[in-house]
Amino acid sequence: MPRILSGYLHENDSDDEDKPPNFAQCVQSNSLRKQPTHDLFSWAIVEAGREFEHYTPDHVAENHGIPECLLARHIDSEIKGDKDVLSLPWAMLSVILFALLMLTHEPIDAHQSFEHSLEFDIVENANFAFTTPGHMGHKDVNDVHNHPDFWSWMNKGFMPLYFPSEVAVSEDSGLDLGPLSKQEKLKYLFLNRKMGPVKLAQERAEILDCLNEDMARTYNYTCTRSRSIDMNLEPTEWTVAQNDLIEDASKTVWFTSFDLPSQQRLKDLEAALWLDAYTTIVQVSFITYDGDSDLLRLTNLNFMFSRTGHIWKKFVQKSIKLHPYASAWPYVVDILFYMQVTFLFACEVKEIVTHVRKRKPLLATFKEYMGIWNAVDWTFIILAYSILALWILRVRLVGEIRDELLDLPPDAKSCSGDDCATLWDPIFGDVIEVEHMVARVRILSAFFPLVVCLRLFKAFSAQPRLAIVTETARKAMPNLAHYLVVFLSMFATYAVMGVAFFGREMNAYATLDRAAPSLFLMALGEYDFKEAEVVGRAYAFTFYIGFMVLVVMVMLAMLIAIVLDVYVEVKSHSQRSDPLWTEVYHILRRLWMNYKKTRLPLEVIRAKLDASSNEVLFVDTFRARVPGLREAQATRLVTESIRMFQAYYHEEPDNLDVKAFTDDVIRKLRKVVGSHMLHSELSADEEEVVEACGFETRESEIRDSADVVLEEVPGGEGNDE
């Protein structure tokens, strides 16, 4: 970078009036003196012909001082840097506290183990299609494919498993350990406690007008659809869990045991065609409790009868912790986390008040305040308080469920008919309502760490070596945006092609929303070519090769090239800054010296300086301006300020005043020629920059001016250089 450019660097860190001006404004008045001044340190008066000598910061500090505005700017940057580095552990604390908050509120491992064990037991042990002598059932719940299979599974599989009457023994042992006690009958999977009866409910289809009424009338066909879930394709467990059963209360049946009356009741339901062509969903529900983890679980096994003939089977587990504040740790974590959130909220409000007091127009105030990082902070605050509000509501509802369970009469387990509906239906409904709230909290809690991570990036941005990722993303954003347009166009094209090619044969390409993740997995190398051959080997091969070459190889290589190109530039600039541990060392040193009272705090020094003043300060005058300032600290601040100013030689300006630059080139050429110096000493860098900027007219002006002044130099005319 040519040295001359350093005088035209403009920084727009802030529009605040109390901040120092940029470097160009700060040294401008000093550079207009009639005496010869140094090329770089324009406030330094030097002898003619010595404008381009190399001066060290120590030499400049001792002999030429520094403009007050530059000194103020350096101290401001030091204060801001200290605050930014100290914000890093604060942001990391957010990550730690939120992780602890999630772990103390929800025992995730206990939920997973509790829910998986029950599903495993029903799938593996609720069997039917037994062979003589009755020890081996060849089918399980996944083999229920019609109405008779469902009743067989209920009579031979689920009901005997959930309501055993005798102590189980091994095959052919000949043992008879007698019937189970009343307390043993209430247990399920060893220690889990059955809470209430089994509920058998169903949803009825909604009758619609057929698309082809003539065919419907001719062949006496009734068109229907499910009221809650689209079942043309197999729904996910999440979809089933978030869509409540629209229950037909007249069809609901309750079972408290599997005695002879209950067995006869199942036969009566089958004989009465409780299941018919208008049944869309059958739900088998029951509640269990694990005292070790304090988890109450509602299990729904859904049999979904689609109009295409499939019977989809989906388990939906809804577990809640009945006493979320059983120990003191949840209180401690909640208080610490939301104290931090509230402190951040207060800081943001204070900053808003500061901007409003400037009495600028509302839109201008908003633009000045709402930067990307303030937006991240507000997103963090809003999500945190939203999670808190949902959590408080959830705790209240869970408390109501706990009170309902404690207030149940002793014979609630042996209820029947309408009594069961009166006692247990509200509890079933409340558990479902809490689970919906849990699902919302889970979504917010899942995305919240991303916002916390962005706050970490905000802290990282204060340290150049930590800010490589964010700075690379920022500078590459324009190219990435254009790249994304091309990539999404090609990706969408192949998604449509995938639906057209494989939609009828492969479930993964049946719809566009299924094809998109399937293509993404293909880009990562997961592709079942054997399954795709069903549409023809040539078509499958053409689709696969085209996608891999165009989207994966070409587009991915372009993405890497775009990012790496910017990364190399950002990394080269970051290497000029101090490592993080060096900055931490300086901060700790300052804190220790402040504690020992061997130095003045930077804030005290900054208050004594005028950010708009161009007065040149030396160490002595600087100490006179700031009472109590020691010589060592004053010397260090002045020298470091000059070094910071000098460091901008190596930075590329974002906003270059080209006219001022070219005028200065002409002035320097005249000065060089007047001093009988070879003008080639400067022209290489200057010409390179002007050419790079594309300002040919100014370049020609420089050349014309150089030709004119060279005529005045003996031997200058005709000099090819």
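Positions are given from 1 along the sequence. All values below were derived from every heavy atom in this structure, side-chain atoms included, with hydrogens, water molecules and symmetry-related copies excluded.
- A salt bridge is defined here as a Lys NZ or Arg NE, NH1 or NH2 lying under 4.0 Å from an Asp or Glu carboxylate O, and Glu206 with Arg307 fails to meet this definition.
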Worked verdict on Leu296 versus Ile287 for side chain to side chain contact (heavy atoms under 4.5 Å, CB included) = CA-CA 7 Å; Leu296 185 74; Ile287 295 177; 3.5 Å; yes

key: Verdict with supporting geometry, Asp149 and Ser152, side chain to side chain donor-acceptor pair (under 3.5 Å)   = CA-CA 5 Å; Asp149 283 348; Ser152 296; 5.2 Å; no

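- Contact check on Arg402 versus Asp407 returns no salt bridge, with no Lys/Arg side-chain nitrogen under 4.0 Å from an Asp/Glu carboxylate oxygen.
- Here the side chain of Ser293 pairs no donor or acceptor atom with the backbone of Asp290 at under 3.5 angstrom.
- Ring pair His355/Phe366: centre-to-centre distance not below 6.0 Å.
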inquiry  = Test side chain to side chain contact (heavy atoms under 4.5 Å, CB included) on Phe491 and Leu519; report intermediate values, then the result.
reply    = CA-CA 8 Å; Phe491 194 86; Leu519 287 177; 3.6 Å; yes

ask   = Under the side chain to side chain contact (heavy atoms under 4.5 Å, CB included) criterion, do Glu435 and Leu298 qualify, and how do the steps go?
value = CA-CA 9 Å; Glu435 181 58 28; Leu298 170 63; over 6 Å; no

ask   = Can you list the steps and then say if Asp276 with Arg204 is a salt bridge (Lys or Arg N to Asp or Glu O under 4.0 Å)?
value = CA-CA 9 Å; Asp276 57 23; Arg204 307 288 289 174; 2.8 Å; yes

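- A 6.0 Å sphere centred on CH2 of Trp238 holds more than 12 heavy atoms belonging to other residues, nucleotides or ligands.
- Formation of a donor-acceptor pair under 3.5 Å by the Gln263 side chain with backbone atoms of Phe258 is found in this model.
- Here the two rings, on Phe380 and Trp90, have centers that are 6.0 Å apart or farther.
- For the pair Ile392/Arg396, no side-chain contact is recorded, criterion being any heavy-atom separation below 4.5 Å from C-beta on.
- At a threshold of 4.5 Å between non-hydrogen side-chain atoms, the residues Leu100 and Phe337 do not count as touching.
- Applying the 6.0 Å contact sphere to CD1 of Ile443 captures more than 12 heavy atoms from other residues, nucleotides or ligands.
- The existence of a salt bridge linking Arg474 and Glu471 is confirmed by a sub-4.0 Å separation between a basic side-chain nitrogen and an acidic carboxylate oxygen.
- Salt bridge status for Glu203 with Lys251: absent, with no side-chain N to carboxylate O gap under 4.0 Å.
- For the pair Asp259 and Ser165, the minimum side-chain heavy-atom distance is 4.5 Å or more.
- Shown here is Glu526, whose CD atom has no more than 12 heavy atoms of other residues, nucleotides or ligands within 6.0 Å.
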task = Verify side chain to side chain donor-acceptor pair (under 3.5 Å) between Gln202 and Tyr278, making sure each step is shown before the conclusion.
result = CA-CA 10 Å; Gln202 69 168 273; Tyr278 296 100; over 6 Å; no

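- With salt bridges taken as basic N to acidic carboxylate O contacts below 4.0 Å, none links Lys314 and Glu237.
- Under the 6.0 Å distance and 45° angle rule, Arg297 counts as a cation-pi partner of Phe114.
- A salt bridge (charged side-chain N to carboxylate O under 4.0 Å, His left out) with Glu106 is found for one member of Arg394, Arg442, Lys321 and no other, namely Arg394.
- Ring centroids of Trp378 and Phe345 are separated by less than 6.0 Å, placing the two rings close together.
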key: CA sep, side-chain torsions, deciding dist, call: Ser228, Asp244, side chain to side chain contact (heavy atoms under 4.5 Å, CB included)   = CA-CA 7 Å; Ser228 58; Asp244 292 339; over 6 Å; no

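- Of the listed residues (His145, His310, His147), just one forms a ring-ring contact (aromatic ring centres under 6.0 Å, His included) with Phe305, and that residue is His147.
- We find that Lys199 and Asp425 are joined by a salt bridge, their nearest charged nitrogen and carboxylate oxygen being less than 4.0 Å apart.
- Contact check for Ile320 versus Ile401: side-chain heavy atoms found under the 4.5 Å cut-off.
- The ring of Phe163 has its center no closer than 6.0 angstrom to the ring center of Phe255.
- A centroid separation of less than 6.0 Å is found between the aromatic rings of Phe303 and Trp153.
- Thr279 places no side-chain N or O within 3.5 Å of a backbone atom of Leu275 that could act as its donor or acceptor partner.
- Between Leu211 and Cys223, every side-chain heavy-atom pair lies at or beyond the 4.5 Å cut-off.
- The aromatic rings of Tyr325 and His105 sit perpendicular, their planes meeting at an angle over 60°, well past the 30° parallel limit.
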query = Stepwise, does the side chain to side chain donor-acceptor pair (under 3.5 Å) test hold for Asn300 with Ser285?
reply = CA-CA 5 Å; Asn300 292 328; Ser285 306; 2.6 Å; yes

